[in-house]
Structures are given as structure tokens and as C-alpha cells.
Amino acid sequence: AYRAITLDKYSVNDVSIEGSTKIVNNGNQSWTRTITNTQITKPNGNVVRSWDATRTLTMVGGMNTPNIRTDDVYEVTGNSSGVNRNGKSFTTNIVTPLVKERGCRWMVEGVVDHTVDGNTLSLDYGQGTCDRIAIVTGPNGNTRNIQLRR
């Protein structure tokens, strides 16, 4: 089963948003979302961002418990690419699956690499602790802890 959504003449405050999304039920508590030909265009006709993306969400915990949703755990994999608002090409790759526990506000595990103009920034969500701390590694290899937004 799948659901397909295509934005046709959709806009917010005269900013046009175009593109298609397809969500496929892969079975076994797994869904893949593919976003294609998506772009945001200002009223003057300037495209300010465009991208394509694929993400797979897989339920890896809590599916056989009586606590519906409160103890569910999901893994997210995938990637995206496009052009940002500054006209720079970017790619985003989930290097290590992101882990989201339903009872925690933040990702508890996983690594994402984001590359713009050949410079890669890595975000590491940690090793399974529900906290708002992540480690950012810059293109020069320097690391620092950050607090994720609430």
C-alpha cells in the first residue's frame, strides 16, 4: 500500500511550494517516504530551495507490548540532496541509523553527515541516552557538544 501526494498550485503567503511525496508501507512495521522535485519559490519567481529525499522509518521496539505508542522505538535511515537558499548544493546522509524512542523528545542515537560545497558537518546524537546533547564535528575535525532545541 502507498499514499502519493502532489502539491498543485499550493502556496503560503504567496510563496509557492511544489513537489511530490510518496509513502510506501513496506510491511513489517516499515515505511519509506520519497520526496521528489520539491522546491520553494518566492513571489518574484526566485527558487529559494529545491531538494529530493528518501527516508525509511522502521519500528524496532514496542510493537508487541500493551503500552501502545509509549514504548515504541523507531530507526530512520536515508538521504537527501538539493540546493539551499544560498544557491549551494547540499547532501545529507544518515550514516548510522537515527533512533527515536517515543518517550523521548530527541533522537537518542545515530549520526547524520551534512555536506555543503564539499564541507561536511557531522551530527552525532549519542549512544542511546535520552538527553538533548549531541556532538558536532566540523569540516576541520574539531568537535563540540551542543544542546538540541526543545
Side-chain angles (χ1 to χ4, degrees), residues 1-63 68-126 129-139 144-150:
Y2 72 90
R3 176 179 288 181
I5 302 164
T6 300
L7 298 175
D8 183 25
K9 299 179 185 173
Y10 179 76
S11 65
V12 175
N13 297 329
D14 295 325
V15 175
S16 170
I17 304 169
E18 304 170 45
S20 298
T21 298
K22 184 176 183 179
I23 302 169
V24 177
N25 183 339
N26 303 319
N28 296 325
Q29 304 294 323
S30 175
W31 302 265
T32 298
R33 176 188 223 179
T34 304
I35 299 171
T36 55
N37 301 318
T38 302
Q39 66 181 30
I40 298 172
T41 307
K42 287 187 174 182
N44 64 7
N46 290 343
V47 175
V48 293
R49 186 167 187 229
S50 61
W51 71 97
D52 298 294
T54 301
R55 296 274 189 278
T56 299
L57 177 74
T58 305
M59 188 176 196
V60 295
M63 58 279 248
I68 298 174
R69 295 190 176 140
T70 59
D71 64 349
D72 293 352
V73 180
Y74 295 91
E75 281 189 353
V76 182
T77 59
N79 58 64
S80 64
S81 63
V83 177
N84 69 18
R85 66 181 178 204
N86 297 320
K88 306 282 185 178
S89 295
F90 72 86
T91 59
T92 302
N93 294 304
I94 298 174
V95 178
T96 305
L98 302 178
V99 177
K100 176 71 172 88
E101 295 175 352
R102 183 77 173 196
C104 183
R105 180 175 287 193
W106 306 279
M107 295 291 177
V108 298
E109 217 173 298
V111 177
V112 178
D113 283 354
H114 184 71
T115 303
V116 179
D117 259 2
N119 296 309
T120 301
L121 185 80
S122 184
L123 182 62
D124 184 339
Y125 288 96
T129 303
C130 180
D131 60 23
R132 56 187 292 208
I133 304 299
I135 300 170
V136 175
T137 304
R144 69 182 175 115
N145 289 353
I146 62 167
Q147 283 192 352
L148 302 169
R149 290 184 181 177
R150 288 188 181 250

For [X], does the [atom1] atom sit with more than 12 other heavy atoms under 6.0 Å from it, leaving out its own atoms?
{"X": "Asn13", "atom1": "CG", "value": "no"}
{"X": "Asp14", "atom1": "CG", "value": "no"}
{"X": "Arg33", "atom1": "CZ", "value": "no"}

Counting distance only, does the side-chain N/O of [X] pair as donor-acceptor with the main-chain N or O of [Y] below 3.5 Å?
{"X": "Arg132", "Y": "Leu148", "result": "yes"}
{"X": "Asp52", "Y": "Asn37", "result": "yes"}
{"X": "Asn28", "Y": "Ser30", "result": "no"}
{"X": "Asp117", "Y": "Asn119", "result": "no"}
{"X": "Trp31", "Y": "Tyr2", "result": "no"}

Problem - Result of checking Val112, Val108, Ile135 against Tyr125 for side chain to side chain contact (heavy atoms under 4.5 Å, CB included) - result: Val112
Handout entry: For Arg55 against Asn79, the heavy-atom pair lying closest together
Key =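 Scanning both residues, the minimum pair turns out to be NH1-O, 3.1 Å.
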Exercise for the section: Please report the shortest heavy-atom distance between Trp51 and Ile35, naming the atom on each side. Expected result: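 Closest heavy-atom pair between Trp51 and Ile35: NE1-CG2, 3.9 Å.
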Problem - Thr32 and Thr56 side chains, donor-acceptor separation under 3.5 Å - result: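 Present: a donor and an acceptor within the cut-off.
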Problem - Note, His114 side chain near Thr92 side chain (heavy atom, < 4.5 Å) - result: yes
Exercise for the section: Drop me the distance from Asp124's CG to Met107's CE, to the nearest 0.5 angstrom. Expected result: 13.0 Å
Practice task
Let me see the working for Asp113 and Thr120 under side-chain hydrogen bond (donor to acceptor under 3.5 Å, both in side chains), right down to the final yes or no.
Solution key: CA-CA 6 Å; Asp113 283 354; Thr120 301; 5.9 Å; no
